[in-house]
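Here is the structure we will look at, set down as structure tokens.
Each chain gets a letter, A, B and so on, in the order its sequence line appears, and its residues count up from 1.
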Protein chains: 2
Amino acid sequence: MIKTNTSPPSDIGQATRDRLLSAAGQIFADHGFQNATVRDICSRAGANIAAINYHFGDKQGLYSEVFLYACSLAADNDTAKADSGLPAPERLRRHISAFLAHLLDEGRPAWHSKLMARELVEPTGVLDDLIGHSIRPHFQGLIDIVSAILGPTVPADVVQRCATSIVGQCVFFHNSRPILVRLDPELRFGHDQIEALAAHITTFSLTGLTAFMPAREVRKSAAALKRANHA
Amino acid sequence: MIKTNTSPPSDIGQATRDRLLSAAGQIFADHGFQNATVRDICSRAGANIAAINYHFGDKQGLYSEVFLYACSLAADNDTAKADSGLPAPERLRRHISAFLAHLLDEGRPAWHSKLMARELVEPTGVLDDLIGHSIRPHFQGLIDIVSAILGPTVPADVVQRCATSIVGQCVFFHNSRPILVRLDPELRFGHDQIEALAAHITTFSLTGLTAFMPAREVRKSAAALKRANHA
DNA sequence: TTGACCCTCAAACGGTCGTTTGAAGGCTGC
DNA sequence: GCAGCCTTCAAACGACCGTTTGAGGGTCAA
């Protein structure tokens, strides 16, 4: 209707396929796979109802492609390897801060983290792809940091549980946001609040980790924590 | 078909209305509000399609009633007030243990915790009821414990953040179970594992809390923690 | 100019959903 | 026995869903 389509594909800027991917990402993230309708997606993308089936086969195909796109975006953010020269507590702080920002920041391409959080609660089948491409390396990175903090003598299952405790604190703020804002209407998730939250979780976790350290590591960690708190 | 219904309502044991509530609880918990179908619920309850509309008005009315029933069950479990004579760290341990068991235990009336976890991610409107009846008092109970541990000089927002860190660790195991079992196929959630998990979260959190204590409280807590770990 | 191919379009298809309908059976008080 | 009420039943209704169809305009090489 509005668009006469007499121009070459690259004219308007986004081809129909790309607009569908973008619109689908937001709508899938907001409503979940089942509750999102192809009519909504096509309408927001300014495309015809049949466009999804033409470009992606079916709704599930569109979802899979959106999901792979989200995974590739998430992978781009994993540039944390450059931090490997830093001391482990500082790497933990950055890891938590980046993860929280990734989960909570209401920035422009924020829908892919929502999408992933949805997939956690209600797997649709592409979950295994997600785990392999994004979650497992991300979680492994955290485990490496925790292991470096705890020292080499702490068994792997303890390291894993500690890493889970840290991830859980972060994810909770995302998954349970509807509850949290009702419990505390003052709660906001701007950049400053996210940084404060990251600082809290880092302090809480670094201190909590000392419970599982051999005594020698505890003293090193306490000194590092005191330095960090005074910075 | 199977049931001739020539007997009085109390004969078989459960009236149609009760069977609907029970079946709906499980199905809503497993599939969510949208994905659950009234045909599924009626079929499992051995009732006619029209039974839901007759007894509850519509699907939403059934959901609300199921939810209130779940809330009342959860309230029954809140008998933790008898613990108020115990020292705060022990109260925290019991709180975490009970909460984890409530979330993870695959026992018989387990669907109401699943149902609530679902409502957190995808509020349907009865969420506000839930918050008032169950979550707020539960969370307030935790805040009281944390406040008792941290001492009276620690500001309320710090207490609240610490309580959130603790709840987050617990809820994470429930919400992200699909991920966790894929990351670690050995993971199980039997009674013993839940107890071990509760012990881990308690130790991690009690230690993490010391980061926010005045020095006087830290020494008291360290002694209590050492006692608890040697028990 | 022609024909093959790509893409878009309005319209409809088959299926499933929540809900409604109206008949029918059982029970209770008169 | 009978009227009134409660409950259950099979069947259908209308709405919405994902998907398919077939026509038609567009581009581009031959």
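- Note: CD1 (B:I52) to P (D:dT7) measures 16 Å, nearest angstrom.
- For A:N53, the side-chain atoms get nearest to D:dT19 when compared with the rest of D:dT19, C:dG18, D:dA10.
- A:Y63 and A:F28 have their aromatic ring centers within a separation under 6.0 angstrom.
- Counting any heavy atom pair closer than 4.0 Å across all strands shown, A:A51 reaches no nucleic acid atom.
- With rounding to the nearest 0.5 angstrom, the CD1 atom of B:I96 is 11.5 Å from the CD atom of B:E195.
- Considering only side-chain N and O atoms, B:T16 lies under 4.0 angstrom from the phosphate OP1 or OP2 of D:dT8.
- One atom, CD of B:Q34, and another, C1' of C:dT16, lie 13 Å apart when rounded to the nearest Å.
- Taking only side-chain atoms of B:N48, from C-beta outward, the nucleotide of D:dT21, D:dC9, D:dT19 with the closest atom is D:dC9.
- Nearest nucleotide to the A:T37 side chain, out of D:dG18, C:dC17, C:dT20: D:dG18.
- A distance-only check finds no donor-acceptor pair linking the side chain of A:K59 to the backbone of A:T37 [under 3.5 Å].
- With rounding to whole Å, B:R17 atom CZ is found 13 Å from D:dT7 atom C1'.
- The NE2-P distance, from A:H31 to D:dC17, rounds to 11 Å in whole Å.
- Per the geometry, CG belonging to A:D58 stands 12 Å off C1' belonging to D:dT20, to the nearest Å.
- Listed candidates were D:dA12, D:dC9, C:dT20. Nearest to the side chain of B:R39 is D:dA12.
- Remark: C1' of C:dT19 and CZ of B:F56 are 16 Å apart, rounded to the nearest angstrom.
- At the phosphate of D:dT8, OP1 or OP2 sits under 4.0 Å from a side-chain N or O atom of B:H55.
- Residue A:Y54 has its side chain nearest to C:dC6 when only C:dC6, D:dG18, C:dA10 are considered.
- With hydrogens and angles left out, the side-chain atoms of A:S165 and B:H200 include a donor and acceptor closer than 3.5 Å.
- Distance B:K59 NZ to C:dT20 C1': 17 Å, rounded to the nearest Å.
- Minimum atom distance to the side chain of B:A50 is reached by D:dC9, of the listed D:dG18, C:dG18, D:dC9.
- A:D144 and A:Q140 form a side-chain donor-acceptor contact under 3.5 Å, judged by distance and modelled atom types alone.
- Protein atom CD of A:Q60 is 18 Å distant from nucleotide atom P of D:dC17, rounded to whole Å.
- At the heavy-atom level, A:I49 lies under 4.0 Å from base atoms of the strands shown.
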